[in-house]
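Comments concern the structure below.
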Amino acid sequence: MVMMSYGQALQSALDIALEKDANVFLAGEGVGTSIHVDPNLPTHGLLEKYGPGRIKDTPVSEAAIAGLAVGASAMGLRPVVEIMFFPFITLASDMLVNHAAKLRYMSGGKTDFPLTVRVKAGVNFGAGSQHSHNLEAWIAHTPGLKLFYPSNPADAKGLLLEAIFDPNPVIFVEEMLLYWMQGEVAEGAPPVSSGKANIVRDGTDCTIVTYGGAVHTAMQAAETLSKEEISLDVIDLRTLVPLDENTMLESVRKTGRLVVLHDANRFCGYGAEIAATVAEKAFSSLKAPIMRVAAPDIPVPVSPPQEAFFKPSPEKVISAVRAIMG
Amino acid sequence: MVMMSYGQALQSALDIALEKDANVFLAGEGVGTSIHVDPNLPTHGLLEKYGPGRIKDTPVSEAAIAGLAVGASAMGLRPVVEIMFFPFITLASDMLVNHAAKLRYMSGGKTDFPLTVRVKAGVNFGAGSQHSHNLEAWIAHTPGLKLFYPSNPADAKGLLLEAIFDPNPVIFVEEMLLYWMQGEVAEGAPPVSSGKANIVRDGTDCTIVTYGGAVHTAMQAAETLSKEEISLDVIDLRTLVPLDENTMLESVRKTGRLVVLHDANRFCGYGAEIAATVAEKAFSSLKAPIMRVAAPDIPVPVSPPQEAFFKPSPEKVISAVRAIMG
Amino acid sequence: MNDKFLPVGVLRKLYSDMALIRHFEDKLVLLAQEKSRVVGMQILANGQEAVAAGVVNALEPDDVIVSNHRSHGHLLAKGADPQKLMAEIMCKATGVNKGKAGTLHLAVPEINAIMTSTIVGASPPLAMGAAFAQQYLDRSNITTVFFGDGAAAEGSVHEAMNMASLWKLPVLFVCENNCWAGAQHLREHSCVENIARRADAYDMPGTTVDGNDVLAVYNTASDMADHCRKGKGPAFLETRTYRMRGHGEHDPCHYMDPAELEKWGLLCPLKTFRKYLEEHQVLPTDQINDIDRKAALIVEEAVIFGDESPFPAAADALNDLWIEEENRH
Amino acid sequence: MNDKFLPVGVLRKLYSDMALIRHFEDKLVLLAQEKSRVVGMQILANGQEAVAAGVVNALEPDDVIVSNHRSHGHLLAKGADPQKLMAEIMCKATGVNKGKAGTLHLAVPEINAIMTSTIVGASPPLAMGAAFAQQYLDRSNITTVFFGDGAAAEGSVHEAMNMASLWKLPVLFVCENNCWAGAQHLREHSCVENIARRADAYDMPGTTVDGNDVLAVYNTASDMADHCRKGKGPAFLETRTYRMRGHGEHDPCHYMDPAELEKWGLLCPLKTFRKYLEEHQVLPTDQINDIDRKAALIVEEAVIFGDESPFPAAADALNDLWIEEENRH
Ligand SMILES: Cc1ncc(C[n+]2csc(CCOP(=O)(O)OP(=O)(O)O)c2C)c(N)n1
Ligand SMILES: Cc1ncc(C[n+]2csc(CCOP(=O)(O)OP(=O)(O)O)c2C)c(N)n1
Ligand SMILES: [Mg+2]
Ligand SMILES: [Mg+2]
């Protein structure tokens with residue numbers, strides 16, 4: 001085990017993958033030469049190590065970047081491409097949704113697309129809604145795309161390796177605010193299975209299902225509530241597709257209560273799927289309404305007080321839990 | 001009242017809007033001259049009546065078509081543009097999501113975008129998943145876009161007029177299979193308010209919440225079940241954004257049971273939002289798990305038996321209802 | 001026409017391919033008139049056979065093609081099995097894609113026709129990606145992509161051309177300019193008459209050839225394929241031709257100018273080439289007739305194969321989305 | 001430089017605008033170094049002032065501009081109130097957009113700067129739509145759009161150019177080629193050195209001018225605006241200039257070639273133009289110094305205004321998404 005940041009953990013995963021498999025290459029805007037020099041950034045230093053043949057800086061052409069990944073993966077390469085910020089995925093969405101996700105199916109299983117798309121998510125940069133807009137629900141609603149969203153350095157490394165060597169297309173969401181978060185990470189290539197949620201805190205009174213940066217919001221809420229003897233079971237989904245239904249349902253069967261938490265907008269967000277699944281499959285265990293804590297249904301604001309207002313806080317989680325603890 | 005088809009009702013709405021307001025124009029691929037001659041198609045005959053200055057056939061450029069609408073609406077026109085089939089909305093999604101939906105907000109309310117985007121939805125054309133892919137959940141998850149989805153001729157006309165004269169951007173989904181469906185439609189311009197669901201069948205045992213073509217699937221199921229003395233309350237949402245929460249919640253408070261039905265994929269579909277809202281706000285009235293009947297999480301298949309398998313049927317609704325009638 | 005003196009074998013192959021495509025699609029015209037015989041829109045390339053035959057025959061077997069919604073000709077010329085192709089068009093379980101592709105999304109990787117997309121304009125970026133892999137893997141192959149004059153208006157095509165040129169990728173961009181994008185005539189949807197005028201904007205060679213002259217297509221495509229293969233980057237071939245039927249078989253063509261149609265009808269690529277073969281005594285008439293008869297026979301057998309094949313099982317719809325066995329690291 | 005003998009008033013206005021932009025942004029350089037003084041990335045146009053001033057001054061007040069992430073200069077030249085602009089960049093409630101736009105999405109419809117998008121490549125289709133409205137409403141105005149050399153690789157730009165040319169829309173496409181797209185040099189992201197080479201592909205006039213020569217920019221932009229205004233369709237102006245600072249103020253510029261930077265530093269558009277004004281005795285030195293002093297003062301006042309303004313209330317975040325009162329039919 002070594003301590004490293006979330007960003008370094010991602011970097012280490014990329015490094016291992018590039019080292020191990022000559023068919024792995026990276027492409028994106030600034031994945032080689034970046035306007036940033038921070039060693040905590042995932043692609044830092046890789047151009048120097050692997051050269052411009054494998055670390056490809058691209059023009060500003062999101063559709064072509066995604067098309068590059070789809071076309072090259074069909075030929076047997078393992079592209080790892082970057083779409084810089086989540087809202088830019090709109091520009092790549094035809095390639096990802098109508099092609100990466102569907103072409104294997106429509107080929108009758110003949111053509112494979114072992115590609116990974118890294119995309120950066122995050123609220124709280126003051127960059128506004130054209131840079132900050134969590135669209136994981138779009139991806140999750142697209143059959144044929146896997147979706148990973150790690151919350152800590154160990155998972156970041158394990159899941160990125162899992163994504164790169166998964167023979168299916170994977171959208172890999174990186175939580176930018178966590179790039180500098182330190183954590184223990186196994187050396188080598190520790191596999192973290194997709195579809196296996198992590199119970200990050202064991203509790204009995206209420207289940208919190210969450211993922212990504214919001215896991216830390218949940219943990220803070222849990223810490224505070226523990227002082228009032230309310231104990232939360234906090235589940236970090238880690239991969240949103242495939243979803244680990246069992247871990248989640250078992251927890252709700254134990255606690256009888258559910259709060260779903262994410263940083264994305266509430267309406268039709270990923271949290272709705274969690275609530276709906278539980279309302280069908282663990283209905284008889286439920287002692288209280290299912291609550292969702294999510295961003296209000298507005299674009300991410302830029303000004304500091306409004307951005308703070310937008311982002312789900314530990315306090316909002318605490319209120320939701322209290323409301324259903326009765 | 002006159003009898004007309006759903007397609008003719010849409011055509012009549014376009015005609016009224018074009019007649020009434022010189023700032024209304026139509027644009028899209030084949031909205032003027034089409035490869036089809038069927039008078040039931042919404043844009044049939046409008047080029048002849050209004051000329052090429054107002055009925056604009058465009059190049060095959062979905063991003064530019066949407067950009068045309070955003071830019072022209074910012075200048076005070078009321079563009080009504082067509083994105084031919086739902087999966088092509090991916091190509092327009094940057095313009096719709098990052099611009100139409102957000103620019104008014106970010107301008108602090110200074111710039112308005114009174115545009116309408118017509119898009120065709122439908123499974124069962126044997127055209128496959130690059131032509132058939134219901135993405136209403138994507139739109140609904142984008143704050144700043146309204147979303148209308150009529151199920152019958154009268155609503156088609158009323159809601160399209162409502163969309164065109166709404167000062168906000170509206171995505172208007174047309175159910176292609178219904179273009180030939182006949183129904184009574186008021187003459188003139190009958191307003192149908194957005195955010196007002198329609199109780200299409202009154203019942204006491206179980207609520208069905210649905211919209212678009214699936215309304216007819218629900219009605220068939222209700223007919224069959226009525227023979228077993230199971231009475232369904234069938235709610236046609238008509239507009240998905242804004243959502244008429246009250247009508248839906250009142251129904252569930254009455255029946256105690258909910259089945260959500262749509263033709264889109266199940267995972268993270270619009271139905272998840274309905275289920276989640278009810279699981280929070282009408283929890284105490286619920287006597288049984290909330291069921292969702294939706295398409296399986298695969299792309300729309302092309303071959304007839306597989307396409308039929310994909311599409312939610314009255315039988316599937318009946319099984320879901322029976323399962324929770326206990 | 002044949003100023004490069006191509007071997008008879010090549011000329012025969014070109015004619016055979018064109019004949020097969022024409023017969024195959026003429027049959028689809030008939031099948032499309034019968035309810036439930038074929039599934040979905042039938043989008044045919046009648047009048048454009050010289051492009052498919054001319055371009056594809058200029059390629060090596062290991063070269064890759066990426067096609068669009070009007071793909072039957074490209075795939076037949078590349079060597080797709082007509083029976084499995086017809087079965088797929090009928091959405092049968094025995095089709096090249098188990099009935100999951102239908103007419104619009106045919107993928108035949110066994111002949112290096114790795115992908116077909118019916119999203120207009122999507123094929124060029126896909127092809128650019130495939131060509132990147134060829135360059136990356138240091139292969140001596142190229143990727144050829146077919147797209148229409150309509151597709152040239154999609155932004156994705158331009159992104160692909162810029163990236164391909166910047167990285168000198170071996171892509172042969174073939175724009176089949178058939179004067180139509182749906183019901184929109186070229187002059188209604190494109191601000192330039194010759195799409196090849198765009199090649200210079202991406203610093204690649206671009207040429208417009210008579211797309212109804214199979215030898216012109218073949219010769220230019222050969223030169224351009226050579227250019228791409230030598231690592232000189234992409235090239236752009238525009239073939240001027242005409243869509244002799246509707247956009248699809250459901251299109252009554254009410255918007256087409258009969259005079260324009262008639263003019264192009266006289267330029268039928270098969271008739272023209274047959275005349276050439278006869279006049280230059282490359283092939284005697286009876287051999288040409290034999291080729292046609294053989295094509296008709298192949299098509300008949302394909303239809304029988306398709307008709308007799310079963311539809312896939314409904315529940316098989318759930319398969320083929322994911323690769324289950326994972327290639328663990 | 002001034003071979004068209006522009007009136008002194010125009011020359012003075014050009015210099016004043018450039019001075020204001022330079023002072024305004026030099027101040028932002030300093031503010032960006034202080035924590036919490038301005039919000040978000042500060043993306044500045046140091047070295048590119050001649051483009052903003054030259055193009056915008058060639059327009060009529062009723063002409064529309066659509067800008068991109070590097071927009072401060074365009075907006076100041078068009079006449080945006082420096083105080084409200086600065087307050088907006090600080091995300092204050094008194095800003096042009098109530099603190100909802102911040103530095104990257106400034107919209108100032110009162111001066112016909114109707115939209116700014118930080119989605120690279122999005123401004124051209126937006127501008128094309130605005131120009132469509134001008135043509136539709138039979139106005140005699142044009143729309144000018146600013147985008148970068150990097151943006152030229154986005155497909156949306158090409159779709160917009162094709163549609164604008166096809167419909168002869170009054171759009172002046174201004175490509176500010178500043179040699180960089182983020183940390184990628186022009187030669188790493190574009191397959192052509194001069195983006196104006198693309199104009200011909202869309203059958204519109206295209207010219208590359210020295211973007212550091214404000215008179216060259218002004219004169220060419222005037223001619224092109226005239227072309228657009230006369231209904232002859234769009235035109236394409238490429239201005240060759242250089243981004244003298246990082247992509248944004250957080251960028252340490254480690255990847256930039258100091259020699260290239262130095263070379264362009266000597267070509268500073270303000271220095272060059274000041275020299276011209278002095279040498280040709282258009283303006284005496286003390287008047288030029290006055291202009292600079294006045295610019296500095298305006299900026300100081302803007303900063304004070306911004307600093308003293310409050311942030312918007314948190315819950316006001318919920319407003320401005322929807323228009324509530326509906327314009328009923
Ligand atoms: C992205 C997208 N937009 C629209 C369509 C509908 N469509 C199918 S073919 C076609 C015309 C294409 O014209 P062209 O590229 O010239 O090809 P052709 O049909 O002439 O062979 C259109 C608009 C589509 N399939 N995909
Ligand atoms: C669609 C999109 N992709 C990527 C980015 C990130 N980005 C912001 S500016 C920029 C470079 C743009 O270069 P250019 O168009 O030349 O403008 P410049 O910054 O040089 O003024 C990039 C890649 C973005 N904002 N939008
Ligand atoms: Mg065509
Ligand atoms: Mg630039």
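A quick note: this is a predicted structure, and the numbers were derived from the prediction, not measured. Chain identifiers are assigned alphabetically (A, B, ...) following the order of the sequence lines, protein sequences preceding nucleic acid strands; residue numbering begins at 1 within each chain.
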Between [Y] and [X], is there a side-chain heavy-atom distance shorter than 4.5 Å?
{"X": "A:His36", "Y": "D:Asp251", "result": "no"}
{"X": "A:Pro59", "Y": "D:Ser190", "result": "no"}
{"X": "D:Leu104", "Y": "A:Gln130", "result": "no"}

Who among [options] has the most heavy-atom pairs with chain D under 4.5 Å?
{"options": "A:Ile298, A:Asp297, A:Ile35, A:Val302", "answer": "A:Ile35"}
{"options": "A:Pro301, A:Pro296, A:Ser303, A:Ala64", "answer": "A:Ser303"}
{"options": "A:Val60, A:Thr58, A:Asp57", "answer": "A:Val60"}

Ranked by heavy-atom pairs below 4.5 Å to chain A, first place among D:Lys92, D:Met90, D:His189, D:Met256 goes to D:His189
Assert top hit (heavy-atom pairs under 4.5 Å, partner chain A, pool D:Gly102, D:Gly150, D:Gly95) equals D:Gly150
Okay, A:Ala63 and chain D: the region with an atom under 4.5 Å from a heavy atom over there is neither
Any chance NZ of A:Lys120 has more than 12 other-residue heavy atoms, nucleotides or ligands included, within less than 6.0 Å? yes
Those residues of residues 89-99 of chain A that come under 4.5 Å of chain D on a heavy-atom basis, listed by number, are A:Leu91
Residues 307-320 of chain A vs chain D, non-hydrogen distance cutoff under 4.5 Å, contacting residues -> A:Phe309
Value for NE2 (D:His247) from OG (A:Ser34), rounded to nearest 0.5 Å, stands at 10.0 Å
One should read off an interatomic distance between A:Gln306 CD and D:Asn319 CG, to the nearest 0.5 angstrom, of 8.5 Å
Note: D:Glu154 and A:Ser61 closest approach over all heavy atoms is OE1-CA, 4.0 Å
